[in-house]
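First comes the structure, then the notes that go with it.
Numbered from 1 within each chain, the chains take letters A, B, ... in sequence-line order. Computed from a predicted model, the values in this text were never measured in an experiment.
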2 protein chains.
Amino acid sequence: MQKTSSCLVTKLQHYVPLSETDRALLREIEKSERNYQAGQEIYQGGDTNKELFVVKRGWLISYADMPDGRRQIVKIHHPGDIVGFTDIALKDVSTSLCAVENVVLCPFAKQAMDEVFRTSPRLTALLMSLALRDQVVLIDLLRAMGRMSALERIGYMLLDLIARLRITSSELTDRFRLPLNQTQIAQYLGLTNVYISKTFSRMEVEGYIRRDGLHIQILREDRLREMTDFHNRYDDIDISWLPSDGTQA
Amino acid sequence: MQKTSSCLVTKLQHYVPLSETDRALLREIEKSERNYQAGQEIYQGGDTNKELFVVKRGWLISYADMPDGRRQIVKIHHPGDIVGFTDIALKDVSTSLCAVENVVLCPFAKQAMDEVFRTSPRLTALLMSLALRDQVVLIDLLRAMGRMSALERIGYMLLDLIARLRITSSELTDRFRLPLNQTQIAQYLGLTNVYISKTFSRMEVEGYIRRDGLHIQILREDRLREMTDFHNRYDDIDISWLPSDGTQA
DNA sequence: GTCGCGCTTTAAACTGGATTTAGGCGGATG
DNA sequence: CATCCGCCTAAATCCAGTTTAAAGCGCGAC
């Protein structure tokens, strides 16, 4: 019966109801807030790994750079996401994190996660399921990068983003705000900004999408799904194996 | 004090000592064996997800296909690996599995994994760490696919493979057997078999490697590490947060 | 207003890797 | 010992996407 609805709780409860104990654990994690402004780098690959974040507001990107400056963006983070879970078992973080717009994060120490692991088997299992799901999503992206044309890759990215946004706001239709610039999209899809521009224009001409400032409307979602053989990994998680909920603990 | 040394146990103990209880759990998992011959497809993406495998002998590949036949290989499995862990939270498996040579697998039901989760927090945490580590490795591969040239990608793959093989056989020097054909390597690196052939030849001419049948010798490992900004993710796992070992349970 | 700045667009030249096709080699099979 | 088959190599051609450079286009600062 919390008044400030947390997007982390919303996102997790999309998969499974949480006990009051579990929600209390999560509230603890989201206790403190920190602001970062657009373009700010929050940590860098190689830094010692000491805290995780829950995204409260705004989009962020994680990326890995080559020494000569080539950059590969590997994850796009939205409100409700946990950032840094992947690196939990590493001494140093493997990617850098940057705010693409003004954001609000809830930082928390790795130890807080230990607390979750110790006291809530159900939440632990859920987080683990989501981490494994993320790995499947990464595999999908890998396939897109290795085997799809530029147009297919952009289509795939748009489908993936909208599927994720629909988790938290189910009334969302076919239009959403995309606060990434074309250089960042290129760094995500393994292309160049110039070719992103060209392909976006082409997609508009051919009626796949419509653009309006930062907003993208997907006009031929079915066709894009078919072209990219898209699977929505955010809907069909199997939670049947989760331990019974924490109320008994 | 087991006589038949299990490569799974060897691989896990590379990171952390295991209690007798834990080893017993793993023995249970490796109880039954099944043989598959070279080229055989063991399961297909979309099949219902019911069992996992420990690799006992031989190499295998996991891949995702597009409906029109384009194929992306996403993982190369070696003896001691657990296959299918990624899909544990999915109703249907997301990739296909194929033996690249004659292999021996130990199949076990998902429930056996539940047993591990219930009874050994330490083993659970270790498996989870390794799953997260795999995700970091996947991110490295993604960077290679998105931002590296053909020569760099091949170099990266060779470095990754030899780093993994060195976990189980530390006396391994700079030479190893690579039972993949060039078409498979291409499907792994997002290139074509023809260009793999060309680039391999070039790498040999330029003194990066030497080839001899299925064997590859890496001659300029330092240079390749530098070119690809290679990080060995198999060495530096942080296990300090693991719960104390299961003997007290 | 107009200057500067970040971002997108367009165009032209270029190239890394794809495609296609043919040949060659080695090992299994009869 | 001839045939076949899977795999690797080589050469010619082609093209999707890169590179470089130069406009456009808002938009906020002053």
Euclidean distance, atom [atom1] of residue [X] to atom [atom2] of [N] [Å, nearest integer]:
X      : N      : atom1 : atom2 : result
A:K198 : D:dG17 : NZ    : C1'   : 8 Å
B:E101 : D:dG6  : CD    : P     : 19 Å
A:R147 : C:dT19 : CZ    : C1'   : 13 Å
B:Y195 : D:dT13 : OH    : C1'   : 15 Å
A:M148 : D:dA16 : CE    : P     : 18 Å
B:F200 : D:dC8  : CZ    : C1'   : 12 Å
A:L214 : C:dT8  : CG    : C1'   : 12 Å
B:R202 : D:dA11 : CZ    : P     : 16 Å

Handout entry: From CD1 (B:I76) to CZ (B:R164), nearest 0.5 Å
Key = 7.0 Å
Problem - Inter-residue atom distance A:H231.NE2 - A:I139.CD1, 0.5 Å rounding - result: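 Separation between the atoms: 12.5 Å.
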Practice task
Classify the side-chain pair B:D229/B:Y156 by whether it contains a donor and acceptor separated by less than 3.5 Å.
Solution key: no
The side chain of [X] is closest to which nucleotide in this list: [options]?
X      : options               : answer
A:S197 : D:dT9, D:dG17, C:dT9  : C:dT9
B:S149 : D:dT9, C:dG17, C:dT8  : C:dG17
A:V194 : D:dA21, D:dA16, D:dC8 : D:dA21

Exercise for the section: Please work out if B:R153 contacts a base, only the sugar-phosphate, or nothing of the nucleic acid, heavy-atom cut-off 4.0 Å. Expected result: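 Counting heavy atoms under 4.0 Å across all strands, no contact is made by B:R153.
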Handout entry: Cation-pi, B:Y208 ring and B:R220 (6.0 angstrom, 45 degrees)
Key = yes
Exercise for the section: Verify whether the ring centers belonging to B:H78 and B:W59 lie closer than 6.0 Å. Expected result: yes
Handout entry: Sub-4.5 Å side-chain heavy-atom contact between A:Y63 and A:T95
Key =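 Of all side-chain heavy-atom pairs linking A:T95 with A:Y63, none is under 4.5 Å.
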Handout entry: Carboxylate-amine/guanidinium proximity below 4.0 Å for A:E206 and A:R223
Key = no
Practice task
Scan residues 177-193 of chain B against DNA chain C and write down, sorted by residue number, each residue with any heavy atom closer than 4.0 Å; if none is found, say none.
Solution key: B:G190, B:L191, B:T192
